[in-house]
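Counting from 1, the numbers follow the sequence of the chain as shown. No experiment lies behind these values; they were computed from the predicted model shown.
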Amino acid sequence: MKKPNLVYILADDMGYGDVSCLNPESAFQTPNFDRLGREGMIFTDAHATSSLCTPSRYGILTGRYNWRSALKSGVLVGYSAPLIEEGRKTLGNLLQENGYTTACVGKWHLGMGWRRKDGSLLGDWNEFNRCPDVDYEASLAGSPVTKGFDYFYGISASLDMPPYVYIENDRPTFAPDHEYPGVMPDGSGRPVPGLSRPGPCAPDFRHEDVLPHLTEKALEKIGEYKDRPFFLYFALPAPHTPILPSPEFLGKSGANVYGDFCLMCDDAVGQILRKLEEEGIAENTIVAYASDNGCAPHADFAALAEKGHNPSYHFRGHKADIYEGGHRVPFLVRWPAGIRAGQTCGETVCLCDIMATMAEVLGVSLPDNMGEDSVSLLPLWQERKLDHPVREATVHQSDDGSLSIRKGRYKLEMCPGSGGWSYPRPNTPESEGLYPFQLYDLEADVGERRNLAEERPEIVREMAALLARYVKEGRSTPGKPQKNDGAPIWETVQWLNEQVP
């Protein structure tokens with residue numbers, strides 16, 4: 001068989017419950033997401049490696065848990081240094097080496113390698129809104145074209161983070177010529193759908209035009225690459241803040257502007273599907289759709305609840321949390337030549353698994369220092385009869401760096417609260433006095449309400465020991481042990497294990 005194309009579409013902050021084929025109670029219908037599921041495979045227990053965008057993107061592209069990198073908590077910003085280590089191969093590299101043309105269109109958020117006017121690199125991950133000595137004419141030292149992609153067009157980080165410039169390959173298309181004022185919280189605590197930070201903005205950049213403009217670029221690359229094997233990583237900047245649906249989508253969801261923006265994302269996916277059909281390449285193209293983490297509070301949960309809609313469906317928490325709502329995400333895969341239509345898979349899978357899956361599709365082996373936490377999902381795609389789950393266990397991380405491990409029905413969370421933004425928040429009175437660990441039986445309690453850690457110390461010990469092994473060996477798959485970048489995670493797990501009863 002001819003090598004299949006891969007189109008991997010990644011939404012930004014879309015909840016599991018925002019896809020109507022996953023949420024029968026959804027306030028709005030998502031026909032194109034539903035079509036992907038109907039014509040392919042729906043995964044009901046799929047997870048990002050983290051409940052935040054930068055780390056989960058690292059996991060997807062490297063096949064490695066993000067907490068093995070130098071970033072132990074939080075996210076990068078628009079001017080951050082590159083996170084993917086020098087010499088580490090990505091999914092793009094894997095496919096390049098096997099005859100693919102590769103393109104990344106959309107949000108990168110893994111560090112770009114900006115330069116100052118004296119030629120030196122910006123090395124601080126937290127240089128945020130204004131870097132007055134940035135040379136916008138200079139080549140970027142860490143753009144996607146240095147990380148396995150033949151072509152890149154997109155934005156440095158989230159749509160609410162400066163610099164507000166389009167980047168093509170390794171340079172901005174235009175240098176900033178004015179200051180974007182931003183839309184910031186007013187101190188009331190109310191959600192801010194238009195949230196965006198002030199900062200430098202280029203003359204060709206309008207926030208409300210970014211999603212349609214990037215979609216046009218993605219369609220253009222499909223047309224250009226149609227006669228050869230290609231990989232298109234299309235990273236949507238939506239429905240992340242600023243929530244800016246085009247006029248034709250305003251009011252369409254019947255929920256709120258966030259629901260309208262979700263439908264605009266659904267439409268972008270529909271355009272991709274139609275383009276593949278028009279070019280005659282849909283049959284042997286793998287189209288995977290996922291979100292990088294759960295929905296964020298700026299969607300306005302209270303307003304959505306009034307319409308009967310919960311972006312986290314019946315899971316606890318949301319973006320940034322260790323709870324399921326933080327990292328259980330929509331994952332839909334269609335490949336007419338390789339996946340029987342109309343399938344639903346309930347196995348626990350992880351977005352970092354795409355690397356090992358594509359390696360098996362192509363019949364190649366990954367070296368020990370590549371995809372250390374990636375497991376092939378091809379057996380699930382092909383509905384093979386297996387006597388064991390494809391994943392032994394799956395590790396997740398929250399905003400503050402807390403880890404959890406899921407094995408079968410049980411999930412052990414190595415923190416007393418959410419580890420993120422929902423109640424009980426870390427390092428606040430909300431989490432004082434709570435048991436230091438949380439153990440949930442997700443088969444009986446998918447809402448994570450009854451903590452079994454004190455009742456079942458033997459399960460806590462077993463799962464904590466497995467997590468410690470995964471950390472210590474630098475991998476969770478068979479192979480030669482590898483090095484983690486930085487010690488804090490290992491030290492934390494050692495300390496936590498000492499506290500386990």
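Lys89 NZ: 12 or fewer foreign heavy atoms inside a 6.0 Å radius.
Residues Glu324 and Arg406 have side chains in contact (heavy-atom distance under 4.5 Å, counting atoms from C-beta outward). The shortest distance between side-chain heavy atoms of Met358 and Ile286 falls below 4.5 Å. In this structure the side chain of Glu224 never reaches within 4.5 angstrom of the side chain of Thr101, judged on heavy atoms. A heavy-atom distance below 4.5 Å is not found between the side chains of Glu347 and Asp45. Taking the side chain as every heavy atom from C-beta outward, Asn484 and Val471 approach each other to under 4.5 Å. Contact check for Pro330 versus Asp18: no side-chain heavy atoms found under the 4.5 Å cut-off. Using a 4.5 Å heavy-atom threshold, the side chains of Ile84 and Tyr58 count as touching. In this structure, the side chains of Leu211 and Pro237 come closer than 4.5 Å at one or more pairs of heavy atoms.
Counting only residues at least two apart or in different chains, ring pair (Phe, Tyr, Trp, His ring centres under 6.0 Å) contacts with residues 214-233 comprise Phe149-Phe231. Pairs engaging residues 33-42 under the side chain to side chain donor-acceptor pair (under 3.5 Å) rule: Ser20-Asp34, Thr30-Asp34, Arg35-Glu39, Arg35-Glu277, Glu39-Arg334 [sequence neighbours left out]. The ring pair (Phe, Tyr, Trp, His ring centres under 6.0 Å) contacts involving residues 319-347 comprise Phe43-Phe331, His47-His327, His327-His396, where partners must be two or more places apart or lie in separate chains.
With hydrogens and angles disregarded, no donor-acceptor distance shorter than 3.5 Å links the side chain of Arg197 to the backbone of Gly182. Checked by atom type and distance alone, the side chain of Tyr65 pairs as donor or acceptor with a backbone atom of Val395 at under 3.5 Å. A donor-acceptor pair under 3.5 Å is absent between the side-chain atoms of Lys411 and the main chain of Ile405, judged by distance alone. Judged by distance alone, the side chain of Tyr100 and the main-chain N or O of Pro4 form a donor-acceptor pair under 3.5 Å. Between the side chain of Ser196 and the main chain of Pro242, no donor-acceptor pair closer than 3.5 Å is present.
Evaluated for a side-chain hydrogen bond (donor to acceptor under 3.5 Å, both in side chains) with Arg57, the options Asn293, Asp292, Asn66 yield exactly one hit, Asp292.
Taking His213 as the reference, Tyr153 meet the side chain to side chain donor-acceptor pair (under 3.5 Å) condition, with sequence neighbours excluded. Residues passing the side chain to side chain donor-acceptor pair (under 3.5 Å) test with Tyr166, sequence neighbours excluded: none. For Asp321, there are no salt bridge (Lys or Arg N to Asp or Glu O under 4.0 Å) partners at least two apart in sequence or on another chain. Under the side chain to side chain contact (heavy atoms under 4.5 Å, CB included) criterion, Pro297 pairs with Phe301, His318, Trp421, not counting sequence neighbours. Among residues two or more places apart in sequence or in another chain, the side chain to side chain donor-acceptor pair (under 3.5 Å) test is passed with Arg274 by none. For Asp209, the salt bridge (Lys or Arg N to Asp or Glu O under 4.0 Å) criterion is met by Arg206, not counting sequence neighbours. Evaluation of the side chain to side chain donor-acceptor pair (under 3.5 Å) rule for Asp204 yields Thr173 as partners, not counting sequence neighbours. For Asp266, there are no salt bridge (Lys or Arg N to Asp or Glu O under 4.0 Å) partners, not counting sequence neighbours. For Lys107, the salt bridge (Lys or Arg N to Asp or Glu O under 4.0 Å) partners at least two apart in sequence or on another chain are Asp12.
The aromatic rings of Tyr313 and Phe315 sit perpendicular, their planes meeting at an angle over 60°, well past the 30° parallel limit. Using a 30° and 60° split on the angle between ring planes, Trp114 and Tyr136 fall in the perpendicular class, above 60°.
Across Pro55 and Ser50, no two heavy atoms sit closer than the pair CG-OG, 3.2 Å. For the residue pair Ile155 and Met112, the shortest heavy atom distance occurs at O-CE, 4.2 Å. For the residue pair Glu372 and Gly474, the shortest heavy atom distance occurs at CB-O, 3.7 Å. The two atoms that bring Pro203 and Asp177 nearest to each other are CB-OD2, 3.4 Å, heavy atoms only.
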Requested in this report: Test side chain to side chain contact (heavy atoms under 4.5 Å, CB included) on Leu52 and Lys319 and set out the steps.
Outcome: CA-CA 6 Å; Leu52 293 175; Lys319 177 180 178 175; 3.9 Å; yes
